[in-house]
Amino acid sequence: MKVAIVHNQEAKTIEVTERLKALLTQSAIQIDGQRPDLVISVGGDGTLLSAFHKYSHLLNEVRFLGVHTGHLGFYTDWRDYELEELVNSLQTNQEQSVSYPLLDIKISYLDDKPAKHFLALNESTIKRSNRTMVADVYIKNELFESFRGDGLAVSTPTGSTAYNKSIGGAVIHPSINAFQLTEIASLNNRVFRTLGSPMVIAQDEWLEIKLENTEDYLVTVDQLDIKESNIRSIYYRIAKERIHFASYRHMHFWHRVKDSFIGEG
């Protein structure tokens with residue numbers, strides 16, 4: 001097995017990473033950042049997002065595993081004080097793989113600039129810098145609504161517990177191969193009307209968000225900021241690719257939700 005390690009720059013994380021490297025070396029597990037079989041993220045969910053984007057070109061070859069150095073996250077099954085147990089699990093090689101859906105994003109432009117493609121693990125948002133955003137929302141090439149408001153968020157099931165939840169979106173189990181559109185502060189009055197509720201879009205459907213021609217859009221793909229001009233539309237659907245997590249000891253999704261938002265009370 002070849003293992004790559006991605007970590008943040010916090011002091012505690014760096015210390016944990018060094019201990020993990022030592023344990024891997026002692027166990028004769030090769031550390032290879034170029035063509036790994038397993039990518040271990042050390043830090044938080046943001047670190048795992050970074051690891052995903054770094055190795056997104058190898059999704060059919062690699063699995064991901066998260067070690068948390070803070071509070072429990074949605075993408076991490078191991079804590080920083082469980083490194084010995086983790087490395088022992090790698091040696092037994094009795095893991096199973098669990099896969100989650102990803103978001104396929106295509107940005108099209110008004111000029112001859114070629115379209116850009118992205119993959120998102122959590123979500124993508126569309127906003128304007130300081131003004132109301134105006135957009136037409138199409139589902140499978142049919143106009144559904146004309147939106148006016150602060151912006152729109154499109155999330156995967158695993159991303160449903162992140163920004164999507166904070167703006168009133170539903171929490172969706174990652175075994176459901178679908179994605180979600182959630183409005184951000186939409187204007188609803190006698191003149192402008194939208195559904196005003198989160199929408200779950202099936203895997204065989206797609207969204208196209210056709211934008212008003214302005215120069216100040218800010219598009220995000222997970223933690224990446226994409227400032228673009230002359231955007232015609234943004235197209236969303238469930239990606240053909242999926243992310244695979246190494247499940248040596250997998251925590252059930254609803255346990256994660258309870259631990260993060262409810263606790264034991």
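Numbers here simply count residues along the sequence, with the first being 1. Every heavy atom of this structure was used, including side-chain atoms; hydrogens, water molecules and symmetry mates were not.
Linking ILVMFWY side-chain heavy atoms closer than 4.5 Å, directly or via other members, places Leu181 and Ile172 in two distinct hydrophobic clusters. With hydrophobic clusters built from ILVMFWY side chains whose heavy atoms lie under 4.5 angstrom apart, Met1 shares a cluster with Val67. Transitive grouping of hydrophobic side chains (ILVMFWY, heavy atoms separated by less than 4.5 Å) brings Val3 and Leu86 into a common cluster. In the hydrophobic clustering of this structure, Phe144 groups with Leu152; members are Ile, Leu, Val, Met, Phe, Trp, Tyr whose side-chain heavy atoms approach within less than 4.5 Å, directly or through other members. Cluster membership check: Val200 does not share its hydrophobic cluster with Val257, using side-chain heavy-atom separations under 4.5 Å among Ile, Leu, Val, Met, Phe, Trp and Tyr.
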(request) Step by step, work out the side chain to side chain contact (heavy atoms under 4.5 Å, CB included) result for Glu142 and Ile139. (result) CA-CA 5 Å; Glu142 292 188 9; Ile139 303 177; 5.9 Å; no
(message) Does Leu121 form a side chain to side chain contact (heavy atoms under 4.5 Å, CB included) with Tyr75? I'd like the steps, not just the answer.
(response) CA-CA 11 Å; Leu121 176 56; Tyr75 293 120; 3.6 Å; yes
(request) For the pair Val134 and Arg128, evaluate side chain to side chain contact (heavy atoms under 4.5 Å, CB included) and give the outcome as yes or no after the intermediate values. (result) CA-CA 9 Å; Val134 177; Arg128 288 184 66 186; 5.7 Å; no
(request) For the pair Val137 and Leu207, evaluate side chain to side chain contact (heavy atoms under 4.5 Å, CB included) and give the outcome as yes or no after the intermediate values. (result) CA-CA 7 Å; Val137 178; Leu207 288 177; 4.2 Å; yes
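A donor-acceptor pair is defined here as one N or O able to donate and one able to accept, closer than 3.5 Å; no such pair exists between the side chain of His68 and the backbone of Asp80. Not one N or O on the side chain of Thr182 forms a donor-acceptor pair closer than 3.5 Å with the backbone of Pro198. Side-chain atoms of Tyr236 never come within 3.5 Å of backbone atoms of Gln180 as a donor-acceptor pair (strictly under, hydrogens ignored). Checking side-chain atoms of Asp222 against main-chain N and O of Asn122 turns up a donor-acceptor pair under 3.5 Å. A distance-only check finds no donor-acceptor pair linking the side chain of Tyr138 to the backbone of Tyr235 [under 3.5 Å]. Judged by distance alone, the side chain of Lys2 and the main-chain N or O of Arg35 form a donor-acceptor pair under 3.5 Å. Side-chain atoms of Asn164 come within 3.5 Å of backbone atoms of Ala170 as a donor-acceptor pair (strictly under, hydrogens ignored). In this structure, Glu10 contributes its side chain and Gly43 its backbone to no donor-acceptor pair below 3.5 Å. The backbone N or O of Arg79 sits less than 3.5 Å from a side-chain atom of Glu82, completing a donor-acceptor pair.
Judged purely by distance below 3.5 Å, without hydrogens or angles, the side chains of Asp225 and Thr220 never pair a donor atom with an acceptor atom. Side chains of Thr13 and Thr69: a donor on one and an acceptor on the other come within 3.5 Å. Counted by atom type alone, Glu208 and Ser233 present one or more donor-acceptor pairs between their side chains at under 3.5 Å.
The two residues Leu59 and Ser56 have their closest heavy-atom pair at CG-O, 3.2 Å. Taking both residues in full, the closest heavy atoms of Pro157 and Ile176 are given as CG-O, 3.2 Å, listed atom of the first, atom of the second, then distance. Here the closest non-hydrogen pair linking Leu211 and Ala135 is CD2-CB, 3.8 Å. The shortest non-hydrogen separation linking Leu119 to His53 is O-CE1, 3.1 Å.
Residue Ile107 holds its CD1 atom at 5.5 Å from CD1 of Ile231, rounded to the nearest 0.5 Å. Here CD1 of Ile29 is found 7.5 Å from CD1 of Ile40. Values are rounded to the nearest 0.5 Å. Interatomic distance, CD of Glu145 versus CE of Met199, reported as 6.5 Å (0.5 Å rounding). Note that OG of Ser41 and CG of Asn8 are 8.0 Å apart. Values are rounded to the nearest 0.5 Å. Remark: Glu205 CD to Ile238 CD1 distance equals 11.0 Å, nearest 0.5 Å. With rounding to the nearest 0.5 Å, the separation of CD in Glu61 from OH in Tyr55 is 12.0 Å.
Residues Phe192 and Thr194 have side chains not in contact (no heavy-atom distance under 4.5 Å, counting atoms from C-beta outward). A 4.5 Å side-chain heavy-atom check between Trp206 and Asn141 finds at least one atom pair inside the cut-off. Between Leu102 and Phe52, the closest side-chain pair of non-hydrogen atoms falls below 4.5 Å. Between Ser186 and Arg148 the shortest side-chain heavy-atom distance does not fall below 4.5 Å. Taking the side chain as every heavy atom from C-beta outward, His244 and Val62 never approach each other to under 4.5 Å. Residues Glu123 and Phe179 form no side-chain contact, since every pair of their non-hydrogen atoms from C-beta on lies 4.5 Å or further apart. Side-chain atoms of Asp104 and His117, non-hydrogen and from C-beta on, do get closer than 4.5 Å to each other. Residues Trp78 and Ser89 are in side-chain contact: their nearest non-hydrogen atoms beyond the backbone lie under 4.5 Å apart.
Residues Arg131 and Asp216 are not paired through a salt bridge, judged by the lack of any N-O separation under 4.0 Å between the basic side chain and the carboxylate.
Atom NZ of Lys113 sits in a crowded spot, with more than 12 heavy atoms from other residues, nucleotides or ligands closer than 6.0 Å.
Using cut-offs of 30° and 60° on the angle between ring planes, the pair Tyr100 and Phe245 is tilted.
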